[in-house]
Amino acid sequence: MQADRNSAVSTICATLQPGVFATGGYDHLVHLWSYSGERLAVSSTSLPIRHTAVVQSLLAIRDTSQKLVTAGADCTVNIFDLSSERVVNTLKLSNSVYHVHPTMSEFCTLLEIGHREQQFEMRDHRLVPVEPVIRFGYPSAKVHGRFTRGAIQDTTFACGGSEKDGCVRLWDLRKPTQVLCSVPCLPGRKVIQLAFGNEMLVASSEDHYLAFVNPIGDPADSR
């Protein structure tokens, strides 16, 4: 859509307002877009959110108001209030943030980060958090990278990995200090994308193979 990579879109998400979505870019900016249903009636606004590197993930949430969570390669997570149009909290991490997920609590988000042993963090983003952060993961020779993405359903989090072991690892977010189980589903392949649906977990490898997994059992099918 845009020839210049420095101004191209790097991530996109729907907001909780109909007809409104947000984008983050390689230019370190976050834009809010609105459309009226007509093909050409689209407008955008640059939000006053500061990132110093590519914006890698966006998430719309509603706790006490509608907010937008932005995360970047600059190890920064911003909580932007859409009604007051200002950043109400900023979290500084030690690692690049690849993805942001909602959790059962509207005040907490799950982050996927660039770390070899604690790839995931649950962050309470209130100004006075009850428990600021819970870190968990598994030993890995490499960081996951931004193209590996996990998925959440209720209190279950699932993620692939950085190695070609073909496994999906699952955690119970109520006690995430250890892996709940590891399900082999695509032997000899690297699992990079996961999605829950219809009581199954769909796993995709980097070479475009799919597996349909029972989260508490063996793969139902792979192709």
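These numbers were taken from a predicted model, which means no experiment stands behind them.
Here the closest heavy-atom approach between residue Asp74 and residue Thr52 is recorded as OD2-N, 2.8 Å. Considering every non-hydrogen atom in both Phe196 and Ala158, the closest pair reads CZ-CB, 4.1 Å. Between Thr103 and Cys108, the shortest heavy-atom distance links the atoms OG1-O, 3.0 Å. Closest heavy-atom contact between Gly161 and Tyr138: CA-OH, 3.2 Å. Smallest separation of non-hydrogen atoms from Pro139 and Glu117: CA-CG, 4.3 Å. Listed here is the closest heavy atom pair of Cys167 and Pro184: SG-CA, 4.0 Å.
Atom NZ of Lys164 is surrounded by 12 or fewer heavy atoms from other residues, nucleotides or ligands within 6.0 Å. Counting non-hydrogen atoms of other residues, nucleotides and ligands closer than 6.0 Å to CZ of Arg126 gives a total above 12.
Neither Val179 nor Ile113 shares a network with the other; the hydrophobic side chains, linked directly or stepwise wherever heavy atoms of I, L, V, M, F, W or Y lie under 4.5 Å apart, form separate groups for each. Criterion: ILVMFWY side-chain heavy atoms under 4.5 Å apart, direct or through other members. Under it, Ile192 and Tyr209 are not part of a common hydrophobic cluster. Linking Ile, Leu, Val, Met, Phe, Trp and Tyr residues whenever their side-chain heavy atoms come within less than 4.5 Å leaves Leu29 and Tyr26 in two separate clusters. A single hydrophobic cluster is seen to contain both Ile61 and Val100, as judged by linkage of ILVMFWY side chains at heavy-atom distances under 4.5 Å, directly or through other members. Residue Val69 is not grouped with residue Val87 when hydrophobic side chains (ILVMFWY) are merged at heavy-atom distances under 4.5 angstrom, including chains of intermediate members.
Distance CG/Leu210 to CG/Leu186: 8.0 Å, rounded to 0.5 Å. Here Leu58 contributes atom CG and Leu68 contributes atom CG; the two are 5.5 Å apart, rounded to the nearest 0.5 Å. Within the model, atoms NZ of Lys142 and CD of Glu163 stand 5.5 Å from one another, a figure rounded to the nearest 0.5 Å. The distance from atom OG of Ser94 to atom CD of Glu121, rounded to the nearest 0.5 Å, is 8.0 Å. If you take CZ on Phe80 and CG on Leu47, they are separated by 4.5 Å, rounding to the nearest 0.5 Å. Between Glu112 atom CD and His144 atom NE2 the span is 7.5 Å, to the nearest 0.5 Å.
Applying the salt bridge (Lys or Arg N to Asp or Glu O under 4.0 Å) rule to pairs touching residues 81-94 yields Lys67-Asp81, sequence neighbours excluded. For residues 45-57, no pair satisfies salt bridge (Lys or Arg N to Asp or Glu O under 4.0 Å), with sequence neighbours left out.
The closest side-chain heavy-atom distance from Leu201 to Thr156 is not below 4.5 Å. With a 4.5 Å cut-off on side-chain heavy atoms, His125 and Val77 do not count as touching. The closest side-chain heavy-atom distance from Arg169 to Cys159 is not below 4.5 Å. At a threshold of 4.5 Å between non-hydrogen side-chain atoms, the residues His51 and Thr76 count as touching. Proximity of Arg135 to Gln119: side-chain heavy atoms (C-beta onward) are nowhere separated by under 4.5 Å. Between Val55 and Ile49 there is no side-chain heavy-atom pair separated by less than 4.5 Å. Side-chain contact check for Leu173 versus Met122: some heavy-atom pair is nearer than 4.5 Å. The side-chain heavy atoms of Tyr98 and Val143, taken from C-beta on, include a pair separated by under 4.5 Å.
Between Phe136 and Phe120, the ring planes lie tilted relative to each other; the angle falls in the 30° to 60° range.
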query: What do the steps show when you test Thr148 against Lys190 for side-chain contact (heavy atoms from CB on, under 4.5 Å), and what is the final call?
result: CA-CA 9 Å; Thr148 298; Lys190 180 180 174 181; 4.1 Å; yes
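In this structure, the side chain of Thr15 engages the main chain of Val20 through a donor-acceptor pair within 3.5 Å. With Gln193 contributing its side chain and Gly160 its backbone, the two residues share no donor-acceptor pair below 3.5 Å.
Annotation: salt bridge (Lys or Arg N to Asp or Glu O under 4.0 Å) contacts of Arg149 (sequence neighbours excluded): none.
Applying the side chain to side chain contact (heavy atoms under 4.5 Å, CB included) test between Thr109 and each of Asp124, Ile79, Leu91, Leu59 identifies Leu59 as the sole match.
Side-chain contact, Ser140 with Ser162: a donor N or O sits under 3.5 Å from an acceptor N or O.
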